[in-house]
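These notes concern the structure reproduced below.
Only a predicted model underlies this, so the values are computations on that prediction, with no experimental measurement involved.
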Amino acid sequence: MENNNSSSPRQLRTSDHISIDIAQPDEDLVSSIRTKMEIISCSHSICRVKESLREKHAKAYIPGIVSVGPYHHGNPDLKAMEDQKWRYMHALLNRKPNLEACLNECVIALKEVEHRARSCYEDEISVTSNDFLQMMLVDGCFIIELFLKYSIKSLRRRNDPVFTTPGMLFNLRGNLILLENQIPLFILQRLFQVVPIPKQCNFSFAELAFRFFKNMIPGDQKIHRERFNQEGNHLLDLILHCLLPTYPRVNKKQPTPQKHLLCAKELQSAGVKFKKASVHNLLDINFSNGILEIPPLQVHQNTENLFRNLIALETCSSDSVQHITSYAVLMKSLISTDKDLKLLQQRDILTNYDANDKEVAQLFEKICEEVNLNESYYDGLCEQVNGYKRTNWHAWSMKLKRRYHRDPMLRLVLCKSSEKLRGEIVEKGGETGEMAGQRIVGVAVDFSPCSRKALKWAVDNVNFREGDHLVLVTVRPEGHYEKGEMQLWEVTGSPLIPLCEFCDPPVPKKYGVKTDPETLDIATTFANQKKVTVVVKIYWGDPREKLCEAIDNVPLSCLIVGNRGLGTIKRAIMGSVSNYVVSNGSCPVTVVKSGDHGN
């Protein structure tokens with residue numbers, strides 16, 4: 001019995017030993033499956049840009065100062081930065097006493113993921129294993145050390161050209177967002193785990209990367225910081241994740257996709273209002289109650305290259321929805337002329353940092369070149385806006401017809417002001433409003449002391465002749481109006497109202513205008529003495545924009561505006577109406593300063 005009992009444990013141990021021996025093939029299978037999963041998940045995440053685009057816009061896709069990864073490795077034009085990369089790697093690894101041991105640990109770590117890293121590139125990388133690993137090591141260490149020096153100033157050397165040469169850091173940052181200039185993110189993360197990190201650094205790699213790129217990514221930095229901690233294929237892919245919308249997509253109701261909108265000015269004429277969105281995620285565009293809310297975009301010198309490479313990344317991505325491309329196409333359709341750009345700038349939707357208006361105006365036109373958008377992320381939103389445009393115009397037309405038939409005052413205003421007066425203008429002077437001995441002079445009037453002085457200056461100094469027309473242009477604040485003439489005319493502006501009718505208190509009240517008796521007296525006395533036709537035109541919205549609109553649509557031969565005499569700081573904050581109209585108006589503009597007295 002003892003022998004039997006003593007042999008039983010030995011048999012069990014033998015059985016256990018045999019099971020371990022036959023488990024070896026399972027390890028190989030697991031390794032094989034893992035390798036295949038990694039290859040497929042990372043396959044071709046770093047693509048080549050379409051050759052036609054790369055040739056036409058080389059600066060937007062090809063690095064000009066530093067190469068990262070294999071696509072532009074060995075470019076003689078980038079040789080100067082190669083030595084600096086090696087210096088940065090030495091500075092990073094030399095923080096550990098045994099440099100050779102640190103190097104060995106890095107090489108072993110990279111060797112484990114070499115096959116996976118090669119599969120990330122669209123092109124076959126025809127270099128030896130040692131050359132590939134060396135390239136990944138040098139480029140990865142350079143990026144980590146660059147991020148460290150950027151966030152921790154005490155790590156910078158006094159003569160470091162990256163931080164002492166004007167413009168070099170800006171150009172480096174621009175090179176590191178290029179699609180063809182990437183290394184896999186897991187290479188950087190793996191190296192960050194094994195290289196000696198200085199004790200001054202309490203940041204994760206994701207935080208270091210965010211701090212380096214944050215100023216060039218449009219949108220809310222709080223959202224960006226969170227999204228830099230998410231998974232990604234490379235640095236440009238992390239930036240793409242930062243910009244993805246947080247709003248749910250608007251579903252389209254019609255089967256035919258609508259990728260485009262009318263330009264901004266045409267939409268505004270159709271009753272659509274533009275507003276800077278309170279949210280700051282760039283792609284969170286919303287349309288509700290006739291208001292198109294668009295998050296602000298500050299345009300700088302790297303904006304075009306960033307968008308171009310994000311669009312190129314989306315082109316080679318497996319994701320069916322091209323978010324950035326959809327945004328670019330939408331903005332391109334909104335900006336057709338300089339007036340569209342001005343409208344978006346007035347709403348603070350587009351602002352310039354170090355780019356001029358011409359560059360901003362052409363930005364989306366250029367980056368949408370050769371873009372093939374199969375399905376727009378905003379097709380449902382475009383359907384909403386286009387549907388509102390048609391409905392709004394139809395409703396406006398029907399209201400006008402109903403009011404015309406039941407309101408004698410409206411028929412009088414329309415017939416006497418709009419048809420007769422404008423007919424005379426066009427018949428005698430053509431579309432420009434200019435004619436021999438006759439002009440249409442506009443004065444911006446808000447019934448303040450400042451505008452009253454401008455009107456007084458106009459009647460005292462402009463050489464009016466019999467048959468000339470004086471148009472008092474007043475602009476009311478933009479808003480939602482449910483009754484009165486404001487609701488009827490807020491899109492196009494009021495008809496031309498004869499001064500004799502406008503002096504009747506119920507008339508300005510219907511338009512929501514508070515008049516000033518002294519201003520009306522100046523205009524009435526002038527009209528009687530000079531035999532000049534005086535009319536009033538009322539708009540609702542931004543005074544800068546609406547005065548320029550009056551110049552074009554009345555049309556005006558010249559415009560006189562008052563200047564409130566704001567100080568430099570107030571003018572910068574509130575914006576100067578007179579300065580804007582002088583710069584953007586299509587007719588001569590005279591500015592009467594608040595201290596001028598028309599003598």
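- The backbone N or O of Ser376 sits nowhere less than 3.5 Å from a side-chain atom of Ser326 that would complete a donor-acceptor pair.
- Between Tyr150 and Phe212, the ring planes lie perpendicular to each other; the angle is over 60°, past the 30° to 60° tilted range.
- Ionic pairing of Arg544 and Asp542 is present here: one or more N-O contacts between side-chain nitrogen and carboxylate oxygen are shorter than 4.0 angstrom.
- How far SG of Cys242 is from CD1 of Ile217: 4.5 Å, rounded to the nearest 0.5 Å.
- Asn181 contributes a side-chain N or O that, together with a main-chain N or O of Val66, makes up a donor-acceptor pair within less than 3.5 Å.
- Within a 6.0 Å radius of CD in Glu369, more than 12 heavy atoms belonging to other residues, nucleotides or ligands are found.
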Q.
Could you walk me through whether Asp220 and Arg227 satisfy the salt bridge (Lys or Arg N to Asp or Glu O under 4.0 Å) test, starting with their C-alpha distance in whole Å, then the side-chain angles of each, then the deciding distance to 0.1 Å, before giving a yes or no?
A. CA-CA 11 Å; Asp220 190 338; Arg227 292 188 173 182; over 6 Å; no
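- Although no hydrogens or angles enter the test, the distance criterion places a donor-acceptor pair under 3.5 Å between the side chain of Arg54 and the main chain of Val49.
- Note that the CG atom of Asn584 and the CD atom of Glu545 stand 11.0 Å from one another [nearest 0.5 Å].
- Within a 6.0 Å sphere centred on CG of Asp338, other residues, nucleotides and ligands contribute 12 heavy atoms or fewer.
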Q.
Run Tyr71 and Arg48 through side-chain contact (heavy atoms from CB on, under 4.5 Å) and show every step you take.
A. CA-CA 8 Å; Tyr71 286 156; Arg48 282 286 198 179; 3.7 Å; yes
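- The structure places CG of Leu343 at 11.5 Å from SG of Cys548, a figure rounded to the nearest 0.5 Å.
- At distances below 3.5 Å, at least one donor-acceptor pair connects side-chain atoms of Thr303 with backbone N or O atoms of His300.
- From Leu313, atom CG reaches atom CD1 of Ile177 across 12.0 Å, with rounding to the nearest 0.5 Å.
- Put simply, NZ on Lys50 and OH on Tyr61 are 9.0 Å apart, with the number rounded to the nearest 0.5 Å.
- Lys214 NZ: more than 12 foreign heavy atoms inside a 6.0 Å radius.
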Q: Would you please test Lys252 and Asp379 for salt bridge (Lys or Arg N to Asp or Glu O under 4.0 Å) and show each step?
A: CA-CA 6 Å; Lys252 60 180 184 291; Asp379 52 7; 3.5 Å; yes
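- Relative orientation of the Tyr327 and Phe307 rings is parallel, given thresholds of 30° and 60° on the angle between their planes.
- Ring-plane geometry between Phe502 and Phe447 is classed as parallel, the angle between the planes falling under 30 degrees on a 0 to 90 degree scale with a further cut at 60.
- Under the ring-ring contact (aromatic ring centres under 6.0 Å, His included) test applied with His323, the options Tyr377, Tyr378, Tyr247 reduce to a single match, Tyr377.
- Taking 4.0 Å as the cut-off between side-chain N and carboxylate O, Arg308 and Glu304 count as a salt-bridged pair.
- Once rounded to the nearest 0.5 Å, the distance linking CG of Leu344 with CG of Leu297 reads 10.5 Å.
- Side-chain contact between Gln384 and Val250 is present, with at least one heavy-atom pair separated by less than 4.5 Å.
- In this structure, the side chain of Gln182 engages the main chain of Leu176 through a donor-acceptor pair within 3.5 Å.
- The pair Arg476-Asp446 does not count as a salt bridge, with every side-chain nitrogen at least 4.0 angstrom from each carboxylate oxygen.
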